[in-house]
Amino acid sequence: MVYRLRPVGLDFVANAPLRVVLASRTAAAPEEVFRALALDVPGWTRWFRAVTLARPVQRAGDEGREVHLLGGVRFMETVMAAEPSHRYAYRIDVTNVPGVRAMLEEWQLLPSGTGTVVRWTVALDAPAAVRLLVALGRPGLRHAFRDALLTLDRRLAAMRGGTR
């Protein structure tokens, strides 16, 4: 079944009924992390284990993405912000997950020495029962995020030949 979510703007990341904010440091520079997030969308499957398919799509003249996750979850997304070396955000427009009313994800890239602090915010509007399930799933989400960043860091280091 397909569920259309309520369109939200970038301000939703600050005022959503539920926000999950995770942060971790990577040795890669912000521009490298941004390229992996925004410019190499298919590459997400090589560093974010939960992502089984990611591809850019054009929808109604907007940049978008189609993303599939382990377990059969699917999203059609609209890119809301692509600010090189700073921020990448997308709104989920369509999903096969029931109960979600609105959802937006933002990746902020904060310089930290020669590396980057990556802050991932998942902003969600859903009924209380769904919000509770997401809140209970925070440890798993945190583990998946940290594992993904570790894998991305290794991948980016290998791409630059292991040197800075």
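None of the values given here were measured: they were computed from a predicted structure.
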Do the non-hydrogen side-chain atoms of [X] and [Y] ever get within less than 4.5 Å of each other?
X    : Y    : answer
L69  : T52  : no
V51  : H68  : no
R119 : V21  : yes
M103 : R91  : no
Y88  : W120 : no
V130 : V97  : no
T26  : L152 : no
R160 : L156 : yes

Charged N-O contact under 4.0 Å between [X] and [Y]:
X   : Y    : result
R74 : E66  : no
R4  : D93  : no
R87 : E106 : yes

Find out if a path of hydrophobic residues (ILVMFWY) with successive side-chain heavy-atom gaps under 4.5 Å connects [X] to [Y].
X    : Y    : value
L22  : F34  : yes
W107 : I92  : yes
V100 : V13  : no
V73  : F145 : yes
L53  : V67  : no

Mind running side chain to side chain contact (heavy atoms under 4.5 Å, CB included) on S24 and L149 for me, showing each step along the way?
CA-CA 8 Å; S24 191; L149 277 189; 3.5 Å; yes
Can you tell me how far apart [atom1] ([X]) and [atom2] ([Y]) are? Round to the nearest 0.5 Å.
X    : Y   : atom1 : atom2 : result
L37  : F48 : CG    : CZ    : 10.0 Å
T121 : F12 : OG1   : CZ    : 12.0 Å
T95  : M1  : OG1   : CE    : 12.5 Å

Take atom CZ of R101 as the centre, draw a 6.0 Å sphere, and report whether it contains more than 12 heavy atoms from other residues, nucleotides or ligands.
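Yes, enclosed.
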Are more than 12 heavy atoms from other residues, nucleotides or ligands located less than 6.0 Å from atom CZ of R25?
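Buried by this count: over 12 neighbours within 6.0 Å.
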Quick one: does NZ or CZ of R65 land under 6.0 Å from the six-membered ring centre of F75, within 45 degrees of the ring axis?
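No.
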Closest non-hydrogen atom pair between [X] and [Y], with its separation:
X    : Y    : answer
G9   : L104 : O-CD1, 3.9 Å
A123 : A16  : CB-CB, 3.6 Å
V94  : V2   : CG1-CG1, 3.1 Å
P30  : T116 : N-OG1, 2.8 Å
A28  : V33  : CB-CG2, 3.9 Å
N96  : G72  : ND2-O, 2.7 Å

Name all pairs fulfilling the salt bridge (charged side-chain N to carboxylate O under 4.0 Å, His left out) condition that reach into residues 35-48, sequence neighbours left out, sorted by first residue then second.
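Pairs touching residues 35-48 that pass the test: D40-R46, D40-R155.
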Look at the side chain of [X] and the backbone N and O of [Y], then say whether any donor-acceptor pair between them is shorter than 3.5 Å.
X    : Y    : answer
D125 : P17  : no
R19  : N15  : no
R131 : A126 : yes

Apply side-chain hydrogen bond (donor to acceptor under 3.5 Å, both in side chains) to the pair T78 and D62, showing each step before the final yes or no.
CA-CA 7 Å; T78 297; D62 291 324; 5.1 Å; no
Geometric class of the W47/W44 ring pair [parallel <30°, tilted 30-60°, perpendicular >60°]:
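Ring orientation of W44 relative to W47: tilted.
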Among all residues two or more places apart in sequence or in another chain, which pass the salt bridge (Lys or Arg N to Asp or Glu O under 4.0 Å) test with E105?
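With neighbours one apart ignored, the set is empty.
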